[in-house]
Amino acid sequence: MKKILIVGSTGQIGSELSIRLRSIYGRDNVICGFYTPPYPEGFFDAGPTAEINSLHIEQIAEAVKKNKIDTIYNLVAILSATAEKHPKLGWDVGIGSLMNCLDVAKEYNCAVFTPSSIGAFGPNTPKNQTPQDTVQRPNTVYGITKVLGELVSDYYYERWKVDTRSVRFPGIISSMTLPGGGTTDYAVDIYYKAVQGEDFICPIQAGTFMDMMYMPDALDAAINIMEANPDKLVHRNSFNVASMSFDPEMIYSSIKKQYPDFRMRYAIDPLKQSIADSWPNCLDDSCAREEWGWHPNFDLERTTADMIKQLKIKLL
Ligand code: SER
């Protein structure tokens with residue numbers, strides 16, 4: 001049975017990953033590291049927690065030692081658009097947390113999962129069916145931290161046998177906790193507006209395609225890569241994973257089937273648009289499928305149906 005520490009457990013991914021991990025490995029075997037509020041409802045009653053500023057390595061080490069942790073999920077990051085506004089913060093948080101988790105893992109013999117992203121690609125990466133191994137020259141701070149994360153995680157594996165593994169997440173769509181400061185956030189915000197009966201102002205131009213994924217598939221990816229048979233892994237950091245790619249018009253049409261009066265207008269955010277333009281349209285995830293059996297369950301239509309169902313419960 002694994003003993004897991006989630007560093008950054010209160011964000012968009014962590015708040016749902018913690019619930020899923022506890023359902024698999026047991027409530028007391030998943031320690032939720034928290035630092036920045038707000039905290040999810042019922043957070044402190046749901047299982048063991050530890051206050052961890054991930055830039056303080058001794059706080060991570062203490063939690064690992066005290067709880068005999070063998071697996072660290074490092075989910076701390078400043079998303080792409082916010083990191084472009086505050087580059088030093090984006091760099092310090094992304095790299096600081098990563099290096100601290102890797103060094104603690106090296107000392108206490110832990111496996112480490114740190115998400116990479118479609119942001120690890122750049123303007124001269126092939127845009128369609130982006131291969132697993134290809135040009136990665138991102139022009140955003142967020143992307144640079146993600147490429148460095150991939151490289152240094154592989155380095156810790158090769159050099160010190162730290163069991164590092166990860167996936168390149170697309171934009172993640174979810175109903176429990178809002179993302180913040182990401183380029184792909186529009187694909188979450190649009191559902192909130194539809195369910196709340198408001199118009200949606202879209203910051204990304206029609207015709208801009210990006211990979212997206214519904215949270216249950218993202219959780220499967222994060223858990224299944226850490227459970228994969230290491231003998232079958234040719235790659236480690238990080239695997240392309242994909243489930244759907246769409247532009248704003250496609251998600252709008254999908255929502256309009258349930259809300260025919262829903263209206264979307266455009267007010268392009270130049271920063272987010274330039275980031276989106278530098279990212280791939282859709283990734284080729286065949287290596288993840290072959291090496292550890294990755295397969296998504298949610299396409300756009302299933303995602304829309306479930307998001308609307310969940311948001312009606314949450315908001316109405
Ligand atoms: N969702 C992230 C962002 O938009 C990409 O990984 O920054």
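- Taking 4.5 Å as the limit, every side-chain heavy atom of I69 sits out of range of all side-chain heavy atoms of I4.
- For the pair R22 and P48, the minimum side-chain heavy-atom distance is below 4.5 Å.
- The distance from the OG1 atom of T10 to the CG atom of L75 is 9.5 Å, given to the nearest 0.5 Å.
- Side-chain rings of F262 and Y252 approach one another, their centers coming within less than 6.0 Å.
- Expressed to the nearest 0.5 Å, how far CD1 of I225 lies from OG of S238 amounts to 9.0 Å.
- K256 has no carboxylate O lying under 4.0 Å from a charged side-chain N of D261, or vice versa, which leaves the two without a salt bridge.
- Proximity of a side-chain donor or acceptor of N100 to a complementary backbone N or O of S54 within less than 3.5 Å is detected.
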Decide side-chain contact (heavy atoms from CB on, under 4.5 Å) for D284 and Q132; before the verdict, give the C-alpha distance in whole Å, the side-chain angles of both, and the deciding distance to 0.1 Å. CA-CA 7 Å; D284 172 353; Q132 172 67 37; over 6 Å; no
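- Judged purely by atom type and a 3.5 angstrom limit, Q12 has no side-chain atom pairing as donor or acceptor with the backbone of G180.
- For K65, the NZ atom sits in a loose shell: 12 or fewer heavy atoms of surrounding residues, nucleotides or ligands are nearer than 6.0 Å.
- By the 4.5 Å heavy-atom criterion applied to side chains, I255 and Y191 are counted as neighbours.
- Between R165 and D163 there is a salt bridge, since a side-chain N of the basic residue sits under 4.0 Å from a carboxylate O of the acidic one.
- Side chain of T304 to backbone of L300: a donor-acceptor contact under 3.5 angstrom is found.
- Ionic pairing of R289 and D285 is present here: one or more N-O contacts between side-chain nitrogen and carboxylate oxygen are shorter than 4.0 angstrom.
- A donor and an acceptor atom, one from each side chain of Y259 and K193, are nowhere located under 3.5 Å apart.
- In terms of heavy-atom proximity, A276 sits nearest to I204 at CB-CD1, 4.2 Å.
- Side-chain polar atoms of Y186 and D269 form no donor-acceptor pair below 3.5 angstrom.
- Enclosure of atom NZ in K66 is not indicated, since only 12 or fewer non-hydrogen atoms of other residues, nucleotides or ligands lie within 6.0 angstrom.
- Side chains of L178 and V188 form a contact here, defined as non-hydrogen atoms less than 4.5 Å apart.
- A donor-acceptor pair is defined here as one N or O able to donate and one able to accept, closer than 3.5 Å; such a pair exists between the side chain of K3 and the backbone of N67.
- No path of Ile, Leu, Val, Met, Phe, Trp and Tyr side chains, each step under 4.5 Å between heavy atoms, connects V167 with I72, placing them in separate hydrophobic clusters.
- Figure legend: R302 and F298 shown as a cation-pi pair, the cationic atom lying under 6.0 angstrom from the six-membered ring centre and within 45 degrees of its axis.
- Counting heavy atoms from C-beta on, the side chains of I313 and L311 never come closer than 4.5 Å.
- Both tests hold for K161 against Y157: distance to the six-membered ring centre under 6.0 Å, angle to the ring axis within 45°.
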Between I13 and F169, does the side-chain contact (heavy atoms from CB on, under 4.5 Å) criterion hold? Intermediate values first, please. CA-CA 11 Å; I13 299 176; F169 276 137; 3.9 Å; yes
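- Checking side-chain atoms of T130 against main-chain N and O of P126 turns up a donor-acceptor pair under 3.5 Å.
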If you apply the rule side-chain contact (heavy atoms from CB on, under 4.5 Å), what do you find for S254 with M250, and how did you get there? CA-CA 6 Å; S254 154; M250 288 169 70; over 6 Å; no
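- A 6.0 Å sphere centred on CG of N109 holds no more than 12 heavy atoms belonging to other residues, nucleotides or ligands.
- In this structure, K127 contributes its side chain and W279 its backbone to a donor-acceptor pair below 3.5 Å.
- There is a side-chain donor-acceptor pair under 3.5 Å between S116 and E150.
- Classification of the Y39-F34 ring pair by plane angle, with boundaries at 30° and 60°, yields perpendicular.
- With a 4.5 Å cut-off on side-chain heavy atoms, P170 and L283 do not count as touching.
- The pair D220-R20 meets the salt-bridge criterion, since a charged nitrogen lies less than 4.0 angstrom from a carboxylate oxygen.
- Between the Q136 side chain and the A120 main chain, a donor and an acceptor come within less than 3.5 Å of each other.
- A donor-acceptor pair shorter than 3.5 Å cannot be found between the side chains of D247 and T208.
- Side-chain contact between M213 and V241 is present, with at least one heavy-atom pair separated by less than 4.5 Å.
- The pair K232-E291 does not count as a salt bridge, with every side-chain nitrogen at least 4.0 angstrom from each carboxylate oxygen.
- Looking only at atom types and distance, the side chain of N237 has a donor-acceptor partner in the side chain of S166 under 3.5 Å away.
- One finds a salt bridge joining D199 and R263 here, because a Lys/Arg side-chain nitrogen approaches an Asp/Glu carboxylate oxygen to under 4.0 Å.
- Of the possible polar contacts, one joining the S80 side chain to the T183 backbone as a donor-acceptor pair under 3.5 Å is found.
- The backbone N or O of I6 sits nowhere less than 3.5 Å from a side-chain atom of S9 that would complete a donor-acceptor pair.
- From H235, atom NE2 reaches atom CG of N240 across 9.0 Å, with rounding to the nearest 0.5 Å.
- Here the OH atom belonging to Y35 is positioned 7.5 Å from the CD atom belonging to Q59, to the nearest 0.5 angstrom.
- Between K146 and S117, the shortest heavy-atom distance links the atoms CG-CB, 4.2 Å.
- With hydrogens and angles disregarded, no donor-acceptor distance shorter than 3.5 Å links the side chain of S97 to the backbone of V93.
- The environment of Y108 atom OH is dense: over 12 non-hydrogen atoms of other residues, nucleotides or ligands sit within 6.0 angstrom.
- Neither side chain, R137 nor N124, offers a donor N or O lying under 3.5 Å from an acceptor on the other.
- No more than 12 heavy-atom neighbours from other residues, nucleotides or ligands sit within 6.0 angstrom of CD on E41.
- Within the 4.5 Å cutoff, the side chain of L21 has no heavy atoms near those of the I19 side chain.
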Run the side-chain contact (heavy atoms from CB on, under 4.5 Å) check on E84 and V141 step by step: do they pass? CA-CA 6 Å; E84 283 313 293; V141 170; 3.7 Å; yes
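- A salt bridge is defined here as a Lys NZ or Arg NE, NH1 or NH2 lying under 4.0 Å from an Asp or Glu carboxylate O, and K257 with E301 meets this definition.
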